[in-house]
Amino acid sequence: MYGWIWRHLPGNAWVRAAISLVLALTVVFVLFQYVFPWAEPLLPFNDVTVDEGSGTAR
């Protein structure tokens with residue numbers, strides 16, 4: 001997949017590297033701005049139960 005993207009980008013190696021960096025940063029931005037906030041309520045990370053009196057603290 002990455003080879004296919006690399007072959008279809010215009011320019012020499014430096015231009016391709018810069019475009020690849022911009023594409024990667026765009027993907028990260030979209031994930032953090034849209035995908036992760038949408039998926040966060042669906043994940044069980046905030047379903048924490050702490051039983052009172054089950055520890056050995058004195």
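All values below come from the heavy atoms of this structure, side chains included, with hydrogens, waters and symmetry mates left out. Note that the structure is predicted; figures quoted are calculated from it, not measured.
- Considering CG of Leu9 and OG of Ser20, their distance stands at 5.0 Å, rounded to 0.5 Å.
- Atoms CG and OG1, from Leu21 and Thr26 in turn, are 9.0 Å apart once rounded to the nearest 0.5 Å.
- Between Arg16 and Arg7, the shortest heavy-atom contact is NH2-O, 4.2 Å.
- Residues Trp6 and Ala13 share a closest heavy-atom pair of CH2-O, 3.7 Å.
- Under the 4.5 Å side-chain heavy-atom criterion for Ile, Leu, Val, Met, Phe, Trp and Tyr, Val27 and Phe36 are members of the same hydrophobic cluster.
- There is no path of hydrophobic side-chain contacts, each under 4.5 Å, that joins Val35 to Leu43.
- In the hydrophobic cluster analysis, where Ile, Leu, Val, Met, Phe, Trp and Tyr join through side-chain heavy atoms closer than 4.5 angstrom, Tyr34 is grouped apart from Leu25.
- Hydrophobic clustering of Ile, Leu, Val, Met, Phe, Trp and Tyr side chains at less than 4.5 Å, counting indirect connections, keeps Phe32 apart from Phe29.
- The shortest distance between side-chain heavy atoms of Val15 and Pro10 does not fall below 4.5 Å.
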